[in-house]
Q: 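Submitted below is the structure of interest, expressed as structure tokens.
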Amino acid sequence: MLDSKLLRGNIDFVVEQLKRRNFTFDVDQYNKLEDQRKVIQVQTQDLQNLRNTKSKAIGQAKASGENMQPLLDEVSELVQKLDDAKSKLQDIQAKIEEIVMAIPNIPHPSVPEGDSEDDNIEILKWGKTATLDFDIKDHVELGEMHGMDFAAAAKISGSRFVVMIGKLAKLQRALTQFMLEHHIEKNGYTETYAPYLVNADSLTGTGQLPKFEADLFKTHLHGEEGEAKALYLIPTAEVPVTNIVRESIIKGSELPLKFVAHTPCFRSEAGSYGKDTRGLIRQHQFEKVELVQISKPDNSYEVLEELTSDAEGILQLLELPYRKVNLCTGDLGFSSAKTYDLEVWLPGQKAYREISSCSCFEGFQARRMQLRWKNPETKETEFLHTLNGSGLAVGRTLVAVMENYQDSDGSIAIPKVLQSYMGGITKIK
RNA sequence: GGAGAGAUGGCCGAGUUGGCUGAAGGCGCUCCCCUGCUAAGGGAGUAUAGGCUUUAACUCCUAUCGAGGGUUCGAAUCCCUCUCUCUCCGCCA
């Protein structure tokens with residue numbers, strides 16, 4: 001949600017900024033509704049004021065034993081008018097709300113212009129993309145040799161799921177433990193456990209609802225169909241973890257809040273049929289270690305740099321080649337003001353693939369979820385800034401380790417930093 | 001799943017024969033005075049959002065006492081639905 005003051009006070013700026021990300025904002029419609037809202041709101045409030053005054057007079061008349069019938073007649077007429085005005089006002093406010101909730105965030109000035117991922121700007125490349133002198137296998141081929149079973153998963157659940165048995169399952173757990181330990185012990189994040197099923201308010205707070213319901217798995221308590229009972233499987237830990245502080249006022253001395261959580265993530269992947277159908281890249285269920293920070297507004301972009309480098313640290317310790325890109329305006333997510341993607345090198349695909357996405361949302365989510373702090377300088381209650389990033393997507397990291405650490409015989413070396421988590425073995429044969 | 005109790009400002013807590021109660025009192029916090037630097041005393045202020053556009057401030061108005069709906073001229077107070085918390089019983093990793 002954009003700042004309503006910005007929307008009302010400087011709408012030309014908003015329109016221009018939204019155009020950068022190919023979002024056309026219907027200003028005429030919005031202005032028309034706003035004008036109507038103002039008129040009707042004033043009317044309604046005048047009527048309410050009148051009713052309140054008269055009602056008090058009735059109370060006083062009654063107390064002093066005067067005849068209050070004339071007043072009663074007067075007011076009952078008023079009430080009809082008031083009801084009409086109220087319902088009109090509600091309609092308009094609902095329409096405005098619908099429009100406002102569907103407006104994406106405004107890109108930060110440092111976000112490059114562009115229409116698609118082809119226009120993202122590469123900031124750095126790290127590590128050497130080794131040229132292996134044998135027939136490179138992709139992770140599906142390697143996986144089939146070491147207990148990765150897509151057929152079994154299809155039998156159990158359907159496509160886009162996986163079963164792993166044995167060493168690869170352990171390797172995934174080792175990756176998760178390693179990431180958590182590193183972020184907790186070295187980077188100062190607080191370990192967090194949170195629900196995997198969340199309500200609609202939480203998803204509205206972080207921006208997945210109302211616009212992106214089709215991407216989610218939706219459940220009903222007790223098989224009931226009522227909207228109030230609907231719970232959703234989390235598409236990312238960002239949702240439950242950021243919502244820990246929804247509707248609260250944080251003390252300045254407690255900031256920044258740094259949370260790390262490992263959760264499974266569930267995505268319906270509607271609209272991605274035919275994309276990445278092979279292997280582990282795009283699953284309905286995958287593991288992710290997520291970093292979330294709640295920051296004061298004035299230094300949130302420094303925090304974004306820090307959070308991104310915290311995620312990069314994992315790739316560097318795993319010695320996986322990657323590049324860092326600054327997403328262009330056209331590729332930016334709905335809620336984000338600026339996003340760095342980390343893309344890991346996958347020899348099996350001969351391509352860099354996204355493994356982490358680190359974003360600063362400024363006050364966009366905070367306004368939706370009423371997340372604030374008392375600024376000691378202004379003495380005002382102000383919205384905080386929220387940030388998050390994958391640190392990292394565990395399933396894709398597993399793919400990257402398998403493909404980058406493979407040998408000609410199909411065996412997979414264990415990265416040094418993971419060996420202690422793997423019972424000391426150095427290779428999966 | 002059954003029975004009961006409850007939800008009021010940053011916190012505690014009054015207010016249920018509906019009527020100057022946006023809310024007594026206390027704590028906490030901020031500012032000022034006195035004193036002196038340990039404590040005490042005096043005074044003022046202290047919810048959020050909208051009307052709001054403005055150079056700015058104030059005044060004013062509206063809404064909000066868990067959420068939503070209803071009754072009424074008028075609801076923190078009465079009625080209904082829901083959510084959450086607590087106690088007891090049942091069930092359960």
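Letters go in sequence order (proteins before strands), and every chain restarts at 1.
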Q: Keeping the roles fixed (side chain from A:S272, backbone from A:E269), state whether a donor-acceptor pair exists under 3.5 Å.
A: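 Checking the backbone N and O of A:E269 against the side chain of A:S272, a donor-acceptor pair under 3.5 Å is found.
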Q: From CD of A:E247 over to C1' of B:G10, roughly how many Å is that when rounded to an integer?
A: 16 Å
Q: Ignoring hydrogens and angles, state whether a donor on the side chain of A:T204 or A:R368 is under 3.5 Å from an acceptor on the partner side chain.
A: no
Q: Rounding to an integer number of Å, can you tell me how far A:Q48 CD sits from B:C61 P?
A: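 Answer to the nearest Å: 13 Å.
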Q: At under 4.0 Å, does any side-chain N or O of A:N52 touch on OP1 or OP2 of B:U62?
A: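 For A:N52, the contact criterion (side-chain N or O under 4.0 Å from OP1 or OP2 of B:U62) is met.
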Q: Under a 3.5 Å cut-off for both contacts, is B:C86 paired Watson-Crick or G-U wobble with anything, and if yes, with which nucleotide?
A: B:G4
Q: Please determine, for B:C91, whether a Watson-Crick or G-U wobble partner exists with both distances under 3.5 Å, and give it or none.
A: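 Its partner: none found.
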Q: For the pair made of CD in A:Q41 and P in B:C61, what is the distance, rounded to whole Å?
A: 16 Å
Q: For atom C1', what is the distance between B:G90 and B:U48, given to the nearest Å?
A: 43 Å
Q: Ignoring hydrogens and angles, answer whether the base of B:G50 and the side-chain atoms of A:Q45 contain a donor-acceptor pair closer than 3.5 Å.
A: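 Looking at the base of B:G50, it does pair with a donor or acceptor on the side chain of A:Q45 (distance under 3.5 Å).
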Q: Could you check which nucleotide pairs with B:G68 in any of the strands shown, counting Watson-Crick or G-U wobble with both distances under 3.5 Å?
A: B:C80
Q: Does A:T381 put a side-chain nitrogen or oxygen below 4.0 Å from OP1 or OP2 of B:U48?
A: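 Checking A:T381 against B:U48: at least one side-chain N or O falls below 4.0 Å of OP1 or OP2.
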Q: I'd like to know if the side chain of A:T53 and the backbone of A:N49 have a donor-acceptor N/O pair within less than 3.5 Å.
A: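 Such a contact is found between A:T53 side chain and A:N49 backbone.
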Q: Going through the distances and angles, do A:Y196 and A:F266 end up as a ring-ring contact (aromatic ring centres under 6.0 Å, His included)?
A: CA-CA 9 Å; A:Y196 302 160; A:F266 303 92; 7.3 Å; no
Q: Give a yes or no answer on whether the side chain of A:H146 reaches the backbone of A:G410 with a donor-acceptor pair at less than 3.5 Å.
A: yes
Q: For atom P, what is the distance between B:A49 and B:G10, given to the nearest Å?
A: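 The answer is 11 Å between these two P atoms.
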Q: Output the single nucleotide from B:G51, B:U48, B:G74 whose closest atom is nearest the side chain of A:V79.
A: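 Among the listed nucleotides, the one closest to the side chain of A:V79 is B:G74.
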Q: Considering Watson-Crick and G-U wobble pairs with both distances under 3.5 Å, what does B:U54 pair with?
A: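 Pair assignment: B:U54 / none.
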Q: Using Watson-Crick or G-U wobble geometry with both distances under 3.5 Å, which nucleotide pairs with B:U48?
A: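 Partner of B:U48: B:A63.
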Q: Is A:N49 near enough to B:U62 that one of its side-chain N or O atoms lies under 4.0 angstrom from OP1 or OP2?
A: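 A:N49 to B:U62 OP1/OP2: side-chain N or O found under 4.0 Å.
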Q: Kindly say if A:R37 contacts the phosphate of B:G51, meaning a side-chain N or O under 4.0 Å from OP1 or OP2.
A: yes
Q: Using OP1 and OP2 only, check whether a side-chain N or O of A:R8 sits under 4.0 Å from B:U54.
A: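 Answer no for this pair, as no side-chain N or O of A:R8 is under 4.0 Å from OP1 or OP2.
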Q: Partner lookup for B:C11, please. Criteria are Watson-Crick or G-U wobble with both distances under 3.5 angstrom; report none if nothing qualifies.
A: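 Result: B:G26.
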Q: B:G68 and B:A7: how far apart are their C1' atoms, nearest whole angstrom?
A: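 Those two atoms are separated by 16 Å.
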Q: Roughly how far apart, to the nearest Å, are B:A5 and B:C58 at atom C1'?
A: 46 Å
Q: For B:U35, which nucleotide in any strand shown is its Watson-Crick or wobble partner with both distances under 3.5 Å?
A: none
Q: Rounded to whole angstrom, note down the C1' distance from B:C80 over to B:A75.
A: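 B:C80 and B:A75 have their C1' atoms separated by 15 Å.
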Q: Applying the Watson-Crick and G-U wobble criteria at under 3.5 Å, what pairs with B:A40? Answer none if nothing qualifies.
A: none
Q: Would B:U55 be called syn or anti, given that syn covers angles within 90° of 0?
A: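 B:U55: anti glycosidic orientation.
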Q: Just the rounded figure in Å: distance from P of B:G74 to CG of A:L47.
A: 13 Å
Q: Base, sugar-phosphate alone, or nothing: which one does A:K62 contact when heavy atoms must sit under 4.0 Å apart?
A: base
Q: Without decimals, in angstroms, what is the distance between A:K88 NZ and B:U62 P?
A: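 Answer to the nearest Å: 21 Å.
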Q: Heavy-atom nearest nucleotide on RNA chain B for A:T44 versus A:Q93: which residue maps closer to 5'?
A: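 Nearest nucleotide further toward 5': that of A:Q93.
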Q: Closest approach to the side chain of A:S55, judged atom by atom: which nucleotide of B:C73, B:U48, B:G50 is it?
A: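 The nucleotide sitting nearest to the side chain is B:C73.
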Q: Expressed in whole Å, how much space separates the P atoms belonging to B:G13 and B:G66?
A: 15 Å
Q: Hey, is A:E382 close enough to A:R372 for a salt bridge, meaning N to O under 4.0 Å?
A: no
Q: Taking the side chain of A:Q60 as its heavy atoms from C-beta onward, which of B:C52, B:G19, B:C20 lies nearest to it?
A: B:C20
Q: Starting at the 5' end of RNA chain B and moving along, which residue's nearest nucleotide shows up first, A:L71 or A:G9?
A: A:G9
Q: Expressed as a whole number of Å, how far does the C1' atom of B:C91 sit from that of B:G1?
A: 8 Å
Q: Does A:R267 reach the main-chain N or O of A:H284 with its side chain, forming a donor-acceptor pair under 3.5 Å?
A: no
Q: Could you give the CG-to-P distance, from A:L72 to B:G19, as a whole number of Å?
A: 16 Å
Q: Taking atom C1' of B:G10 as reference, at what distance in whole Å does atom CH2 of A:W373 sit?
A: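 After rounding, the reported distance stands at 17 Å.
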Q: Which of these nucleotides, B:G51, B:C73, B:U62, is closest to any side-chain atom of A:I58?
A: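 Per side-chain heavy atoms of A:I58, the pick is B:C73.
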Q: Distance between the C1' atoms of B:G9 and B:A14, in whole angstroms?
A: 13 Å
Q: A:K5 has an atom NZ; how far is it from atom P of B:C52, in whole Å?
A: 13 Å
Q: Using modelled atom types only, decide if a donor and an acceptor are shared between the side chain of A:T44 and the backbone of A:I40 within a distance under 3.5 Å.
A: yes
